[in-house]
Amino acid sequence: MVEAASPSMENKPKSAPQRALEKLGLVRDIDLALHLPLRYEDETKLVSIASLRDGDVAQVEGVVTDSRVQFRPRRQLVVKIHDASGESSDDLVLRFLNFYPSHQKALAEGARVRVRGEARGGFFGLEMVHPAFKAVDEATPLARALTPVYPTTAQLPQAYLRKVVASGLSRADLSEQLPPGSVPAGMMSLREALDFLHHPAPDVSVETLEDHSHPAWQRLKFEELLAQQLSQLKAKQERERQRAPAFALQPGGLQEKLLAALPFSLTEAQRRVVEEIARDLARETPMHRLLQGDVGSGKTVVAALAAAVAIQQGWQCALMAPTEILAEQHLRKLVGWLAPLGITVAWLTGSRKGKGRREMLAQVASGEAALVVGTHAVIQDQVEFARLGLAIIDEQHRFGVQQRLALRSKLAEGPLEPHTLMMSATPIPRTLAMTLFADLDISTIDELPPGRTPVVTKLFADDKRDAVVARIRGEVALGRQVYWVCPLIEESETLDLQNATATHQQLCEALPGQMIGLLHGRMPAAEKAAVMSLFTSGQMGVLVSTTVIEVGVDVPNASLMVIEHAERFGLSQLHQLRGRVGRGAVASVCVLLYSSPLSETAKSRLKAMMETNDGFEIARRDLDIRGPGEFFGARQSGAPLLRFADLALDEPLVHLARQSATALLAKHPQAAERHVMRWLGSKTDYLKA
Ligand code: ADP
Ligand code: MG
């Protein structure tokens, strides 16, 4: 028997508006209900034509008294409408430069129309150009609520979208899922809030809708922040159920030996964070801690001291950095500190191949290498640890989402979960720490080692390059070293390179007899390492580079940082670069070279650089300028985790959501689960990366 083909919904070709809806992610009823208006139009009132003033946006109603197509200055439809408020000489003119026969028909003499637009003082009195209009009769009611105007695309007409959203809104399940007491007293229900935001009563203060301070917005933001807090707290709870090896601090052990061998003593802040980490390591639950500290605050030695605790107990430690240059620098420091204590350090990067690599892998697998340093190559499949007890990730936000997920599954391989310590020179502003990073414990180094002179920042227009070159000559004559950083031109690595190469050439000509190096991302690793080692050893006076040196490079003798096209860099990037100098006792300078014209955001970035050296303040301003979406790259990519709440403004709501989340998880775990599903659905994985 042959079955009759029954056209299922899926097989039916989708219309252009349907495809556009999908593109905007407007698929489920709840998606539609959460697609909020950009602004509103007021069709609830009628204004008399006589009372219209130049510049008013208003709705009027009248009868067409004249309708004709004019040909001068170009073809256009000109219509006059009249209402009871005035003389016929006061009739309002409607002007349509593009029109169809249907317009002419709807606007024929004698028709009653309702018109909405902006009144302008024309040559013959007031007129509206291209107003919205519709045919009405005397009984047609006015709108009872403000009319929403939604964000949309070309293939999705506003009128169609309005209908779809309205029906999605009415179908969506917005029933109260939260038990009484978990929503702050006096808040609207979600149903009330969304009904209101889509169709506000005409007497609302439109300003409170537009600046999102209206109580309806508060409820919506609270809901969103609550979901976000819940998923973070749940991730934390899950982790607390896992088991990690406990590393009690041994008196007279490796950590003490390392401390005694250091050529400096720790700052107060370093001492504090070392203790915080030691307390975590002594527990049977895996550490999940972020160590933040401004550039140059001395995070590496803290990492080494943590590693010493794990290694003392016979476990292995892995330390990863996002670039080979950085990893290599860690390697040098750690070998210098730890090798004298009898610790074997292995080195793993993508460029390490062949026999050397096989030997390293064998050392890691046998447990002979107590510390493994490298790039993300450290977490590749072929790498088998004998007993990994601690993973340290430097500048972890610079690893991609995939690499971070790979790291998680690597860490989950053994019977016990290793402790993790993440390090970052970009401090997380407080509200972000409380929201997107609420699953992390945070340690902060808030002081620099003594004897550093703050970096002086100077701003120069690009045509003052000669003065800058003269300054370089002065510095190298004193035996100091200089960085010159060229910008990353996103569209073209080739241009990027040309830029750096040209500058390198210029400087070679201007400073004969000086060793001037060039470093860029496309160089083979061995060549990069050779250039870097000439610079670190002090033989090379000037290093021209693209942004590859951005993080972590540590040459205390460098006293001048020149950043070319500083206007193209992000704020935290500029701050990172500036942090490459001022690492020794000599007074250091950071020169920001810029080319006009400057965009407003470029101006505010350069201004921030001139005004402060404080990494926390820089991070706060960066958040203001860019918004959290870009702040910590990968954590948000793929999922707009906070669509409604504004972390710069909604800190009080964050606190409320945090309290509720804690109470909900303790008393109503199922309600908590439902809430997270409604808001985040399948996006929760991203939160863990
Ligand atoms: P970052 O926090 O940017 O990673 P580093 O760990 O590279 O900073 O440290 C910057 C420099 O300061 C290094 O040369 C390091 O050896 C040195 N340093 C770290 N702690 C101290 C300290 N307590 N006293 C003096 N120098 C220190
Ligand atoms: Mg560092």
Side-chain angles (χ1 to χ4, degrees), residues 255 258-277 289-308 319-340 373-375 392-399 421-428 442-455 481 483 532 535-538 547-559 561 572-586 588 590 613-616 618-619:
Q255 193 186 65
L258 174 54
L259 273 172
L262 288 176
F264 47 77
S265 54
L266 296 186
T267 61
E268 212 29 63
Q270 283 172 318
R271 232 188 295 275
R272 179 170 37 80
V273 302
V274 165
E275 262 169 38
E276 285 166 0
I277 293 167
R289 186 170 284 278
L290 175 70
L291 171 60
Q292 54 178 17
D294 210 346
V295 278
S297 60
K299 295 184 290 292
T300 318
V301 70
V302 173
L305 288 162
L319 190 151
M320 270 159 287
T323 67
E324 219 165 308
I325 288 185
L326 248 185
E328 176 154 10
Q329 198 173 268
H330 284 309
L331 178 74
R332 223 172 318 119
K333 272 211 188 114
L334 293 165
V335 168
W337 286 329
L338 297 172
V373 180
T375 57
I392 302 175
I393 306 127
D394 195 15
E395 301 297 339
Q396 66 111 25
H397 59 281
R398 299 185 24 124
F399 287 96
L421 177 66
M422 289 149 267
M423 305 199 287
S424 170
T426 310
I428 307 175
I442 298 182
S443 288
T444 305
I445 307 183
D446 51 8
E447 90 186 281
L448 294 180
R452 306 239 173 112
T453 330
V455 180
Q481 289 165 280
Y483 293 103
M532 261 332 276
F535 192 68
T536 0
S537 68
T547 42
V548 287
I549 64 148
E550 185 190 335
V551 278
V553 177
D554 183 34
V555 179
N557 188 48
S559 60
M561 162 66 67
S572 72
Q573 222 180 358
L574 288 172
H575 180 67
Q576 294 292 324
L577 287 169
R578 175 167 61 184
R580 296 310 104 212
V581 293
R583 308 198 134 221
V586 283
S588 301
C590 172
N613 264 321
D614 173 352
F616 278 89
I618 292 277

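In this text the structure is predicted, and so the values were computed from the model without any measurement. In each ligand, atom 1 is the first atom listed, and ligand 1 is the first ligand listed.
Heavy-atom contacts of Thr300 reach the following atoms of ligand 1: 4 (O), 5 (P), 6 (O), 7 (O) (cutoff under 4.0 Å). Listed by number with element, the atoms of ligand 1 under 4.0 angstrom from any heavy atom of Thr267 are 23 (N).
With a 4.0 Å heavy-atom cut-off, ligand 1 is reached by the side chain of Lys333 but not by its N, CA, C or O. Here Leu266 has backbone heavy atoms under 4.0 Å from ligand 1, and that is the only part of it that gets that close. At a 4.0 Å heavy-atom cut-off, ligand 1 touches Ser265 through the backbone alone.
Here the options are Lys299, Glu395, Gln292, Arg289, the test is side-chain contact (heavy atoms from CB on, under 4.5 Å), and the partner is Met423; only Lys299 passes.
Residue contacts with ligand 1: Pro556 is placed with no nitrogen or oxygen under 3.5 Å of a nitrogen or oxygen of the ligand (distance criterion only). At least one N or O atom of Arg583, backbone or side chain, sits closer than 3.5 Å to an N or O atom of ligand 1. The N/O atoms of Gly298, backbone and side chain alike, include one that comes under 3.5 Å of an N/O atom in ligand 1.
The aromatic rings of Phe535 and Tyr483 sit tilted, their planes meeting at an angle between 30° and 60°.
Salt bridge Glu275/Arg272: absent, no basic N to carboxylate O contact under 4.0 Å.
Here the side chains of Ser559 and Val581 are not in contact, with every heavy-atom distance at 4.5 Å or above. No side-chain heavy atom of Thr300 sits less than 4.5 Å from a side-chain heavy atom of Gln329. Between Ile618 and Arg578, some side-chain heavy-atom pair lies under the 4.5 Å cut-off.
Distances from ligand 1 to the non-hydrogen atoms of Ser297 include at least one value under 4.0 Å. The closest approach between Ala425 and ligand 1 stays at or above 4.0 Å for every heavy atom of the residue.
Shown here for Asp294 and His575, the closest heavy-atom pair between the two residues is OD1-NE2, 2.8 Å.
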